[in-house]
Participant: 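Dumping the structure here so I can ask a few things about it.
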Amino acid sequence: MEPKIKPHDVLRVYALLENIQQLFHQPDNYTMENFQRFGEENYPEIHQLYYEVVWNWLSEEEQNQIMEHP
C-alpha cells in the first residue's frame, strides 16, 4: 500500500526548502546570527517533517534500510 501524501504536507516541505534556499542563496547570509535565527525559527518544523511526515511517506522496507544504514 502506497502512503497517502497530503498536499498540505508537500507545501510544508516546499516552504521549508524555500527558507533553506533563502538562507544559503547568498554567502553574505552565512553568519552565526542568521544560522541561529534560522534554527530557532525552523527547527520545530524540521523535526516534525523529518520524524513524522516524510518518514511516513516511506515504505516499511525503505524505513528499515535507513535504520540499518544511518
Participant: Spell out, yes or no, whether Val53 and Ile5 are grouped together once hydrophobic residues are joined by side-chain heavy atoms under 4.5 Å, including indirect joins.
Facilitator: yes

Participant: Could you tell me if the side chain of His8 sits less than 4.5 Å from the side chain of Leu11, heavy atoms only?
Facilitator: no

Participant: Looking at NE2 of His69 and CG of Asn64, how far apart are the two atoms once the value is rounded to the nearest 0.5 Å?
Facilitator: 11.5 Å

Participant: Should we count CZ of Phe35 as having more than 12 external heavy atoms under 6.0 Å?
Facilitator: yes

Participant: Using modelled atom types only, decide if a donor and an acceptor are shared between the side chain of Asn29 and the backbone of Asn34 within a distance under 3.5 Å.
Facilitator: no

Participant: For a quick test of reading the model, state the closest non-hydrogen atom pair linking Trp57 to Val13 and the distance between them.
Facilitator: CH2-CG2, 3.8 Å

Participant: May I ask whether Ile46 and Phe24 are part of the same hydrophobic cluster, defined by side-chain heavy atoms of I, L, V, M, F, W, Y residues being less than 4.5 angstrom apart, directly or through others?
Facilitator: yes

Participant: I want to check something: taking the side chain as every heavy atom from C-beta on, are Asn56 and Tyr51 in contact at a cut-off of under 4.5 Å?
Facilitator: no

Participant: Would you say the rings of Phe38 and Tyr43 are close, in the sense that their centroids are separated by under 6.0 Å?
Facilitator: no

Participant: When you look at CD of Gln21, are more than 12 heavy atoms from neighbouring residues, nucleotides or ligands closer to it than 6.0 Å?
Facilitator: yes

Participant: Indicate yes or no for a side-chain donor-acceptor contact from Glu45 to the backbone of Leu16 under 3.5 Å, with no hydrogens or angles considered.
Facilitator: no

Participant: What's the separation between atom CZ in Arg12 and atom NZ in Lys6, rounded to the nearest 0.5 Å?
Facilitator: 9.5 Å

Participant: Can you find a heavy atom in the side chain of Trp55 that is under 4.5 Å from one in the side chain of Ile66?
Facilitator: yes

Participant: Let me confirm one number: the CG-CG distance from Asp9 to Leu49, rounded to the nearest 0.5 Å.
Facilitator: 7.0 Å

Participant: Rounded to the nearest 0.5 Å, what separation is found between the CD atom of Gln36 and the CD atom of Glu41?
Facilitator: 10.5 Å

Participant: Identify the two heavy atoms, one from Gly39 and one from Pro44, that lie closest to each other, and give their separation to 0.1 Å.
Facilitator: O-CD, 4.5 Å

